[in-house]
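Structure record follows, encoded as structure tokens.
Fair warning: this is a prediction, and the values are worked out from it, not measured in the lab.
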Amino acid sequence: MKIYADNAATTRMSRRAIEAMIPYMEEVYGNPSSLYSIGQEAKDALESARETVAGCLGCSPGEIIFTSGGSEADNQALFSAASAGERKGKKHIISTAFEHHAVLHALKRLEKEGFEITLLDVSGSGVVSPKQVEEAIRPDTCLVTIMYANNEIGTIQPIAEIGRICREKGVTFHTDAVQAVGHVNINVKDENIDMLSLSAHKFHGPKGVGALYCRKGIPLLNLIEGGAQEGGKRGGTENVPGIMGLAAAMQEACDKIDESAAHITPLRDRLIEGLERIPHSILNGDCKKRLPGNVNFCFEAIEGESLLLLLDDKGISASSGSACTSGSLHASHVLLALGRAVEIAHGSLRLSIAEDITQEQVDYMIKAVDEVVAYLRSISPVWRDLQEGKREFILK
Ligand SMILES: *Cc1c(COP(=O)(O)O)cnc(C)c1O
């Protein structure tokens, strides 16, 4: 059996998204800035894609800027909000310790430039409380940036409440919603979101294309100097096929968001229940406030990389930590932020399932993980010490 269970890293493109792109490579390949008809047709398509994206988020098309993906949208949002803050003498930013590296590394750069960063604690459930945000806001706070849903443990943050607090205090609020868009219902106006990042390849669209929603009146920096594309904020000929694929995938995902969640959520819970039966294991993150497709576990005395390789032999594509940290020997910053011990954080497994998942596949994954964990423990000196009482179990 072949099971792709790494949809938080990237997804397979949907047929509709692929078909939406083809005409813009074969027929309507004109440059949207050209005046003749195939240029103008491309321009019209681009603007209709902007309307689609705006429609899905509940904003106006003028508030959408297309980017090369989630990382660029995050960078654009953070550097723009920081620069606007600096002009008013405000150099304090609030975020969390478990953001994506596109946010954390941008914050590191801002810190070097003299900004003060407060990272809120997410230990325990992996959910920030709005009260923590409220208490952290100071007169010199220029930005709150908190992800909508975490990419490793799938926990969903109370974005609407955080948005309301930021709006009341007059602080710009950005959310990295790359994991959430197309998976949970979002309305940027109802939730008082000022800036939001999204990326097509996390909802069955193409890689290398994303968008930033930026509320009217919030200034953006010119990220790429060049032509007048994207309101002069991002020069360069637009990625028309990619943007058409993004819009088609987003419309499709948003149209069937409730239907997909109704299918995936019970299977996710079945997977969680099955893995919880493995002794000395623990689910990472709140069991209810999480994405429909995310399952993330730690297993005592297990090394994540070996677990992945053996699961791959059984046909399962999974992840340990985020795609960006796998291949390095660092424990996941997200699991450390939750408060997991370093040795436990090394034994993590993320299974992120999509709409095409079946009960048969879920049962196969439970059996496979159970077998692989048992095998790895049977050859582990750490496990032997635990059995002989020479070491204490961390996970009960
Ligand atoms: C994938 C991801 C990103 C990066 O998006 P790219 O389009 O790959 O640059 C940023 N934030 C989160 C939460 C993600 O999951």
Side-chain angles (χ1 to χ4, degrees), residues 2-22 24-25 45-46 49-50 52-54 56-57 64-77 99-103 105-106 147-154 175-184 186 196-213 223 230 234 236 238-257 260-261 264 291-294 317-319 321-327 334 350-357:
K2 281 260 178 245
I3 305 175
Y4 181 74
D6 204 13
N7 287 277
T10 195
T11 57
R12 166 201 183 125
M13 277 188 71
S14 78
R15 183 50 46 194
R16 242 171 84 180
I18 295 169
E19 279 168 6
M21 294 176 71
I22 294 170
Y24 296 91
M25 295 185 269
L46 194 63
R50 208 183 300 280
T52 301
V53 172
C56 292
L57 294 175
I64 299 295
I65 278 208
F66 291 114
T67 66
S68 66
S71 302
E72 182 186 317
D74 284 341
N75 275 256
Q76 167 79 305
E99 296 297 311
H100 189 272
H101 283 130
V103 167
H105 291 178
M147 66 199 322
Y148 208 111
N150 183 271
N151 48 300
E152 288 188 37
I153 57 172
T175 184
D176 172 345
V178 173
Q179 288 290 328
V181 168
H183 304 281
V184 295
I186 297 176
L196 175 146
S197 309
L198 63 91
S199 177
H201 76 100
K202 303 289 175 76
F203 50 79
H204 306 287
K207 292 168 183 57
V209 59
L212 175 68
Y213 150 75
L223 191 67
E230 300 305 300
R234 185 179 195 273
E238 300 89 340
N239 173 9
V240 181
I243 290 167
M244 298 314 285
L246 178 153
M250 193 161 170
Q251 187 69 63
E252 186 179 18
C254 292
D255 284 347
K256 56 176 196 191
I257 212 161
S260 301
I264 303 170
L291 290 170
N294 177 290
S317 310
S319 147
S322 66
C324 328
T325 44
S326 58
V334 173
R350 178 185 70 187
L351 296 166
S352 43
I353 56 179
E355 297 76 10
D356 57 356
I357 191 80

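- P206 and M21 make their closest contact through CG-SD, 3.9 Å (heavy atoms, listed as atom of the first residue, atom of the second, distance).
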- Query: So D6 and S317, side-chain hydrogen bond (donor to acceptor under 3.5 Å, both in side chains) or not? Walk me through it.
  - Reply: CA-CA 6 Å; D6 204 13; S317 310; over 6 Å; no

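- The minimum heavy-atom distance linking A149 with G154 is given by the pair CB-O, 4.5 Å.
- Residue L291 holds its CG atom at 11.5 Å from CG of N7, rounded to the nearest 0.5 Å.
- With salt bridges taken as basic N to acidic carboxylate O contacts below 4.0 Å, one links E230 and R50.
- Annotation: the span from T52 atom OG1 to I64 atom CD1 amounts to 10.5 Å, rounded to 0.5 Å.
- Listed for the S197 side chain is no donor-acceptor partner under 3.5 Å among the backbone atoms of D176.
- Taken from CG in L212 to CG in L198, the straight-line distance is 8.5 Å, to the nearest 0.5 Å.
- The shortest side-chain heavy-atom distance between N239 and P241 falls under the 4.5 Å cut-off.
- Separating the CD1 atom in I3 from the CD1 atom in I357 is a distance of 6.0 Å, to the nearest 0.5 Å.
- Annotation: the span from H105 atom NE2 to S71 atom OG amounts to 11.0 Å, rounded to 0.5 Å.
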- Item | side-chain contact (heavy atoms from CB on, under 4.5 Å) assessment of N150 paired with Q179 | CA-CA 7 Å; N150 183 271; Q179 288 290 328; over 6 Å; no

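- Looking at every heavy atom in both residues, L246 comes nearest to A211 through CD1-N, 4.5 Å.
- Using a 4.5 Å heavy-atom threshold, the side chains of Y213 and T175 count as separate.
- If you take OH on Y24 and CD1 on I243, they are separated by 11.5 Å, rounding to the nearest 0.5 Å.
- Between R15 and E19, some side-chain heavy-atom pair lies under the 4.5 Å cut-off.
- The shortest distance between side-chain heavy atoms of T67 and N75 does not fall below 4.5 Å.
- Summarising the geometry of H201 relative to A9, their closest heavy-atom pair is CE1-O, 3.4 Å, with the distance given to 0.1 Å.
- Between the side chain of N294 and the backbone N or O of E152 there is at least one donor-acceptor pair closer than 3.5 Å.
- Side-chain atoms of K202 and V181, non-hydrogen and from C-beta on, never get closer than 4.5 Å to each other.
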- Are M147 and V103 close enough, and set up right, to give a side-chain contact (heavy atoms from CB on, under 4.5 Å), and what steps lead you there? CA-CA 9 Å; M147 66 199 322; V103 167; over 6 Å; no

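- The shortest distance between side-chain heavy atoms of V178 and N151 does not fall below 4.5 Å.
- Using a 4.5 Å cut-off on side-chain heavy atoms (C-beta onward), S68 and R234 make contact.
- Distance alone, capped at 3.5 Å, places no donor-acceptor pair between the H204 side chain and the M13 backbone.
- Using a 4.5 Å heavy-atom cutoff, the side chains of L223 and E72 are in contact.
- Among all heavy-atom pairs drawn from A249 and F203, the shortest one is CB-O, 3.6 Å.
- Considering all non-hydrogen atoms of both residues, G70 and S199 come closest at N-CB, 3.6 Å.
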